[in-house]
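What you see below is based on every heavy atom in this structure, not just the backbone, and it leaves out hydrogens, waters and symmetry mates. Since we're looking at a predicted model, the values are computed, not measured.
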Amino acid sequence: MGRWIPNPLYDTCPQSLHDAYFVVGPDGKKYPTWHPPVAVDPATGADCTFGHEHGADPRSSPLWTDIQRHFCYDANRDGDCNADERAWSGLPFGYVNEVSELAAVATGRDEIRHEDHFGHKVELKSNERVGVPGGGTGPVCSVLAKFHQGSHSPDALTNNLHELNYFVGCDNGVAVRWSTFQIFGRGGEFKGQCAGTIRLGTPVPSTSPTNVGIAGREIPDQSCLEEVYAMQARGQDPSGPYYAMYSESWPSGVSHTLRQHNNGSFITLYGQDNWIELANLPGRNLMFFDAGSYFITHQPSRYFLASSANRIARTIDMCFETGFKTISHPDCTRVREQSARAGARVPWDSPLSPFKGASRTIHFDWITIENNGNGPVFYSNPFGTELRPAPDPSRGIVIPQYVSRTPSGQRVMYYFGKKEGHYDARGVRAPN
């Protein structure tokens, strides 16, 4: 994952200040981590801007200590995460990316995935009385997700793997600490908001697994704009297709099962449908984790345009399309007024543009877990497509996952609902 480099046109914080926001991962390497969009430059004592934001501050979550312990580097090699080691621990942006490189070396497969820094976003809910199936309430729980959700580049048009950290903790002891790439549909394709499934080519890595039953990233496309023009020509209200251009939806379908066959061999099930279809295999589940979350980015800076050199067009340009000005959406009205005052169009990557993906909704919805006295620590490859009770570096199975033993060994299901976050701040702009 590349380093952040400030754009001198907009960003006022020095790169050295951004580099100071880091944690030490469980492998002993330094990783970038959460930081505020505005900070104090120690060289000048004045506020400065980074130009991007990472959502909610994870340190405000009741799960922060669990997060530090989960990603802690045991420098003392005493099997414990001591206070001095926790001080350097936190959310390592790109840790799963790094493990994918090591896994590729170990397995000889094309399994390397790189993600930019901007897209790592944090959202959380704290001390919520959760719902349970059939109505009523369950324990008091907290949930935090760190998800890579870029909404500015051509990358997500073909890549269906995006880093996800998922943490849950409840006052009855139910807990999850999960770190893998989340698989969104099929590699090499996405779902246009108006055009349906669009197949573009080979993803990176070329071995990207498929999450059965998931539509993949839903991204605005040129068909939405064409439908606006067609409806205008017919004298109809084009508001519906127009507003379709204003969000990206990422249905996640997190689902992983480790099952042991009667002959002692292990079976890993993943994907939203696989555990349903294969749960009747001989043997027993050692661990089951399912999270029905999905992520929405509002006002993204891009939409898909097949005729463009990189197949990306900028949402802000819609505000200046001929025949499109008749729609008086507040975003476009503001952009046109700002452009008129400046005597030039507001650029797509300017802080003045509202199209920067800084407003998001996450539907945590439900989590379901089952662990009848196993673990609670398991190990996976970067994709979560192979799980084992112990690490196996030769197969890239090295990432620890924590799924607590459930009360009485029963499957539990808790409902969290949605959370909206609005993280625009001074200097925030696309890419963000």
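In this structure, Gln401 contributes its side chain and Ser179 its backbone to a donor-acceptor pair below 3.5 Å. Between the Arg259 side chain and the Gly283 main chain, a donor and an acceptor come within less than 3.5 Å of each other. With hydrogens and angles disregarded, a donor-acceptor distance shorter than 3.5 Å links the side chain of Glu85 to the backbone of Asn76. Of the possible donor and acceptor atoms, one in the side chain of Thr406 sits under 3.5 Å from a partner among the backbone N and O of Asn371. Looking at Asp221, its side chain does come within 3.5 Å of a backbone N or O of Gln193 through a donor-acceptor pair. His256 contributes no side-chain N or O that, together with a main-chain N or O of Val254, makes up a donor-acceptor pair within less than 3.5 Å. Side-chain atoms of Asp331 do not come within 3.5 Å of backbone N or O of Val335 as any donor-acceptor pair. A donor-acceptor distance shorter than 3.5 angstrom exists from the side chain of Ser350 to the backbone of Leu352, with no hydrogens or angles considered. With Arg405 contributing its side chain and Gly375 its backbone, the two residues share a donor-acceptor pair below 3.5 Å. A donor-acceptor pair under 3.5 Å is absent between the side-chain atoms of Gln299 and the main chain of Ser359, judged by distance alone.
When the options His148, His35, His162 are evaluated for a ring-ring contact (aromatic ring centres under 6.0 Å, His included) with His120, the one that passes is His148. Put simply, the residue from Arg302, Arg360, Arg217 that forms a salt bridge (Lys or Arg N to Asp or Glu O under 4.0 Å) with Glu248 is Arg302. Checking Phe289, Phe378, Tyr402, Phe167 one by one against Trp178, the ring-ring contact (aromatic ring centres under 6.0 Å, His included) holds for a single residue, Phe289.
Thr297 is not listed as a side-chain neighbour of Phe295, based on a closest heavy-atom distance of 4.5 Å or more. You'll find the side chain of Asn285 reaches within 4.5 Å of the side chain of Arg411, heavy atoms only. Between Tyr294 and Asp365, the closest side-chain pair of non-hydrogen atoms falls below 4.5 Å. Residues Pro32 and Trp4 fail the side-chain proximity criterion, which asks for heavy atoms closer than 4.5 Å. Looking at heavy atoms from C-beta onward, Leu258 lies in side-chain contact with Pro389 at the 4.5 angstrom threshold. Between Cys224 and Tyr303 the shortest side-chain heavy-atom distance does not fall below 4.5 Å. Residues Pro347 and Tyr10 form a side-chain contact, since some pair of their non-hydrogen atoms from C-beta on lies under 4.5 Å apart. Taking 4.5 Å as the limit, some side-chain heavy atom of Val174 sits within range of a side-chain heavy atom of Ser404.
The CD1 atom of Ile198 sits 3.5 Å away from atom CZ of Phe190, with the distance rounded to the nearest 0.5 Å. Note that CZ of Arg59 and CG of Leu124 are 12.0 Å apart. Values are rounded to the nearest 0.5 Å. Atoms CZ and CG, on Arg186 and Asn160 in that order, are 10.0 Å from each other to the nearest 0.5 Å. The NE2 atom of His70 lies 7.0 Å from the CG atom of Asn165; values are rounded to the nearest 0.5 Å. The CD1 atom of Ile183 lies 11.0 Å from the CG atom of Leu164; values are rounded to the nearest 0.5 Å. Taken to the nearest 0.5 Å, the NZ atom of Lys125 stands 8.5 Å off from the CZ atom of Phe416.
Checked against the 6.0 Å centroid threshold, Tyr246 and Phe355 count as a close aromatic pair. The aromatic ring centroids of Phe184 and Trp250 lie less than 6.0 Å from each other.
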Pair Thr12-Thr49, side chain to side chain donor-acceptor pair (under 3.5 Å): steps then yes or no: CA-CA 5 Å; Thr12 57; Thr49 60; 3.3 Å; yes

side-chain contact (heavy atoms from CB on, under 4.5 Å) evaluation trace for Ser293 with Tyr166: CA-CA 10 Å; Ser293 302; Tyr166 207 102; 2.9 Å; yes

Phe364 and Val130: CA distance, side-chain angles, deciding distance, side-chain contact (heavy atoms from CB on, under 4.5 Å) verdict: CA-CA 11 Å; Phe364 287 108; Val130 296; over 6 Å; no

Full working for side-chain contact (heavy atoms from CB on, under 4.5 Å) between Thr268 and Arg388: CA-CA 8 Å; Thr268 303; Arg388 293 294 182 270; 3.3 Å; yes

Residue pair Thr368, Phe288: steps toward the side-chain contact (heavy atoms from CB on, under 4.5 Å) verdict: CA-CA 8 Å; Thr368 309; Phe288 170 75; 3.6 Å; yes

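Looking at His298 and Ser247, their side chains never bring a donor and an acceptor atom within 3.5 Å of each other. When only modelled atom types and interatomic distance are considered, Glu123 and Tyr423 share a side-chain donor-acceptor pair under 3.5 Å. Between the side chains of Asp116 and His152, a donor-acceptor pair is found at a separation under 3.5 Å. One side chain, His117 or His54, offers a donor N or O that lies under 3.5 Å from an acceptor on the other. A donor-acceptor contact closer than 3.5 angstrom is absent between the side chains of Thr315 and Ser301.
Salt bridge present: Arg395 and Glu386 bring a charged side-chain N and a carboxylate O closer than 4.0 Å. Using a cut-off of 4.0 Å between Lys/Arg side-chain N and Asp/Glu carboxylate O, Glu53 and Lys356 are scored as not salt-bridged. Taking a cutoff of 4.0 Å between a charged side-chain nitrogen and a carboxylate oxygen, Asp317 and Arg345 qualify as a salt bridge. Using a cut-off of 4.0 Å between Lys/Arg side-chain N and Asp/Glu carboxylate O, Glu420 and Lys418 are scored as salt-bridged.
In plain terms, the two heavy atoms of Lys29 and Tyr31 that are nearest each other are O-CD1, 3.2 Å. Shortest non-hydrogen contact noted between Val346 and Ile316 is O-CD1, 3.4 Å. Minimum interatomic distance between Phe50 and Pro36 (heavy atoms only, all atoms of both residues): CD1-O, 3.2 Å. Heavy atoms only, all atoms of each residue included: Gly90 and Phe71 are closest at O-CD1, 3.3 Å. Heavy-atom minimum distance, Gly51 versus Asp11: CA-OD1, 3.5 Å. When all heavy atoms of Met413 and Pro133 are compared, the closest pair comes out as O-CD, 3.3 Å.
Residues in residues 305-315 take part in no salt bridge (Lys or Arg N to Asp or Glu O under 4.0 Å) pair, two or more places apart or across chains.
Cation-pi contact between Lys30 and Phe22: present, with separation from the ring centre below 6.0 Å and deviation from the ring axis of at most 45°.
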Could you go through residues 38-46 and list every donor-acceptor pair under 3.5 Å that involves a side-chain atom there, pairing it with any protein atom two or more places apart or in another chain?
residue	atom	partner	partner atom	Å
Asp41	OD1	Ala43	N	3.0
Thr44	OG1	Ala46	N	3.2

